[in-house]
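What follows is one structure encoded as structure tokens, with my remarks underneath.
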Amino acid sequence: MFKEYLELIKQYFREIRKIHHDMNDHMNVVNAYLSMGQYAKVKEYV
């Protein structure tokens, strides 16, 4: 049972890392649009 619990926790952490990576990518896109002054693109993207 303990091994199953540990595997479940590992899966949760993998999912959290994936979400964190995806959010960083989204923020990089928004930041790039903002640095180029393309505010309409930011609004469209969001």
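Take R17 and apply the side chain to side chain donor-acceptor pair (under 3.5 Å) test, not counting sequence neighbours, and it matches no residue. Listed by chain and residue number, R14 satisfy the side chain to side chain donor-acceptor pair (under 3.5 Å) test with E7 (two or more places apart in sequence, or in another chain). With sequence neighbours excluded, no residue forms a side chain to side chain donor-acceptor pair (under 3.5 Å) with N24.
Here the CD1-CD distance, from I9 to E4, works out to 12.5 Å after rounding to the nearest 0.5 Å. Rounding to the nearest 0.5 angstrom, the gap separating the CG atom in L6 from the NZ atom in K10 is 6.5 Å. Rounding to the nearest 0.5 Å places OH of Y33 at 8.0 Å from OH of Y45. With rounding to the nearest 0.5 angstrom, the CD1 atom of I19 is 10.5 Å from the NE2 atom of H26. To the nearest 0.5 Å, atoms NE2 (H20) and CG (D25) are separated by 10.5 Å. Within the model, atoms CD1 of I16 and NZ of K18 stand 12.5 Å from one another, a figure rounded to the nearest 0.5 Å.
Heavy atoms of other residues, nucleotides or ligands lying less than 6.0 angstrom from CE of M23 number 12 at most.
Both V46 and L34 are assigned to one and the same hydrophobic cluster, defined by single-linkage of ILVMFWY side chains at heavy-atom distances under 4.5 Å. Connection of M27 to V29 is not established within any shared hydrophobic cluster, with ILVMFWY side chains joined at heavy-atom distances below 4.5 Å, either directly or through further cluster members. Hydrophobic cluster membership differs between Y12 and Y5, with clusters built from Ile, Leu, Val, Met, Phe, Trp and Tyr side chains linked at under 4.5 angstrom.
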